[in-house]
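Heads up, the thing below is written out as structure tokens.
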Number of protein chains: 2
Amino acid sequence: MKIGELAEISGFSTKTLRFYESIGLMPAANREANGYRSYQDDSLRRLAFISNAQSAGLSLKEIGEILAIRSSGVTPCEHVYQLLLAHRESIEAKIAELEDLQSELASLISYAESFSPESCDDGQVCSILSRKPNSVKFAKFQH
Amino acid sequence: MKIGELAEISGFSTKTLRFYESIGLMPAANREANGYRSYQDDSLRRLAFISNAQSAGLSLKEIGEILAIRSSGVTPCEHVYQLLLAHRESIEAKIAELEDLQSELASLISYAESFSPESCDDGQVCSILSRKPNSVKFAKFQH
DNA sequence: CTTGACATTCCAGCTTAGTGGAAGGTGTAC
DNA sequence: GTACACCTTCCACTAAGCTGGAATGTCAAG
């Protein structure tokens, strides 16, 4: 199978497939006499795995590590499990962060809605965004 | 005030201050006879605004636009309000996305916990991550 | 006179996951 | 023989927000 077919079937672009090879995520493909890459079904299986792992939110680097463990003959189960736990943690943290941001935004928005532009203070850029002092150091510069 | 002092007070590094100037977020600073940048309190006010706007999740580009509107003499209230609404939307979407990912992770993790490595299939990279077929095209390569 | 802390410019690199495009070789059909 | 699709390599570039470092200049103290 040539790279175009593999791309077609796998859903990865030919660019991406070459890129994956270049970063070692895919092994160097066998070449035909004319220099074209030649793939077997195992490439497709590997790409299926990459695709699965990506949709679990793993980075290419992490996926590469799993693949490396696997090809060293060890089952990567424990490593994968630890990765998943770590990801759950970091996603949890990101969600919390975004929710904080969301409530900050909500408060700014409701302030903006109760706000008349006429009351803008010329001494600052934006009364809506400058409502809260965000550091002691800045305090005296935010009236 | 020299750049080091401004950095100290504002909490932005000197690198960052020069960077902000280079991208037009801060105006070109006045120079002393020796070529050193010389700042007044208005720089501090502008940085306070930037800091506030950043903590509202706005990008430097968006902050720059607000500053540009402001310096064109128009009050940026409406623009800021629209930006905040748009951000609320996109944060909402991001949270939803992360929550989907989180439930996906949770299901993979609980599968992993009920899983014995002995049952690993040698034909695939990882039974945990390969549990769900993620595309029809891949179906026949994931047993 | 030298040391040290500051300042200047400019160029490079980081992160991630690719994409775009140029210049050229290959293979098949008309 | 020429069009056209496909393949090759390589280099540059994207977003965002900086950070590091080199080479050099300035200024005050001892």
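Because the structure is predicted, anything quoted here is derived from the model rather than measured. Note that these values count all heavy atoms, side chains included, but never hydrogens, waters or copies made by symmetry.
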Check your understanding: Between D/dC18, D/dT19, D/dG25, which one does the side chain of B/Tyr36 approach most closely?
Key -> D/dG25
Check your understanding: Is the phosphate of C/dT19, meaning OP1 or OP2, less than 4.0 Å from a side-chain N or O of A/Thr16?
Key -> yes
Study note, to complete from the structure: Between CD of A/Glu8 and P of D/dC6 the distance, given in whole Å, is 10 Å
Check your understanding: Out of C/dG18, D/dC18, D/dC7, which has the shortest distance to the side chain of B/Gln54?
Key -> D/dC18
Revision key, fill the gap. When rounded to the nearest 0.5 Å, the distance separating CD of A/Gln102 from NE2 of B/His87 is 11.0 Å
**Study point:** B/Tyr39 and B/Glu5: side chain donor to acceptor below 3.5 Å
**Key:** no
Check your understanding: Counting side-chain heavy atoms from CB outward, which of D/dG21, D/dC18, C/dA7 is closest to B/Lys15?
Key -> D/dG21
Exercise for review: Taking only the side-chain nitrogens and oxygens of B/Tyr20, find out if one of them lies under 4.0 Å from OP1 or OP2 of D/dC18.
Suggested key: yes
Review point. Salt bridge between A/Arg37 and A/Glu21, side-chain N to carboxylate O under 4.0 Å?
Key: yes
Check your understanding: What is the distance from CG of B/Leu58 to C1' of D/dA16, rounded to the nearest Å?
Key -> 14 Å
Check your understanding: A/Arg31 side chain: which of D/dT8, C/dT8, C/dA7 is closest?
Key -> D/dT8
Practice item. Give B/Arg18 one of three labels, base, sugar-phosphate or nothing, depending on what nucleic acid heavy atoms sit under 4.0 Å from its own. Key: base
Exercise for review: Whole angstrom is fine here: how far is it from CD1 in B/Ile63 over to C1' in D/dC18?
Suggested key: 14 Å
Point to revise | d(CG, A/Leu17; P, D/dC6) in whole Å | key: 15 Å
Practice item. Using heavy atoms to find the nearest nucleotide of DNA chain C for B/Glu21 and A/Asn34 separately, return the residue whose nucleotide is more 5′. Key: B/Glu21
Check your understanding: A/Phe12 CZ to C/dT19 P: how many Å, rounded?
Key -> 10 Å
Revision key, fill the gap. B/Lys2 NZ to D/dG25 C1', in whole Å, measures 13 Å
Exercise for review: Grab the OH-P distance between A/Tyr39 and D/dT8 for me, whole Å please.
Suggested key: 7 Å
Exercise for review: Identify whether any heavy atom of A/Ile3 sits under 4.0 Å from a base atom; if not, whether one sits that close to sugar-phosphate; answer base, sugar-phosphate or nothing.
Suggested key: sugar-phosphate
Exercise for review: Give a yes or no on whether A/Glu89 atom CD has more than 12 heavy-atom contacts from other residues, nucleotides or ligands under 6.0 Å away.
Suggested key: no
Point to revise | Nearest-nucleotide 5' precedence on DNA chain D, B/Ser59 against B/Ala33 | key: B/Ser59
Practice item. Find the distance B/Met26:CE to D/dC18:C1' and express it as a whole number of Å. Key: 16 Å
Review point. So what does B/Glu62 touch, heavy atoms closer than 4.0 Å: a base, only the sugar-phosphate, or nothing?
Key: nothing
**Study point:** Non-hydrogen atoms of B/Ser10 and B/Leu17 that approach each other most closely
**Key:** OG-CD2, 4.5 Å
Check your understanding: If you check every side-chain atom of A/Leu60, which of D/dG21, C/dG18, D/dT8 has the closest atom?
Key -> C/dG18
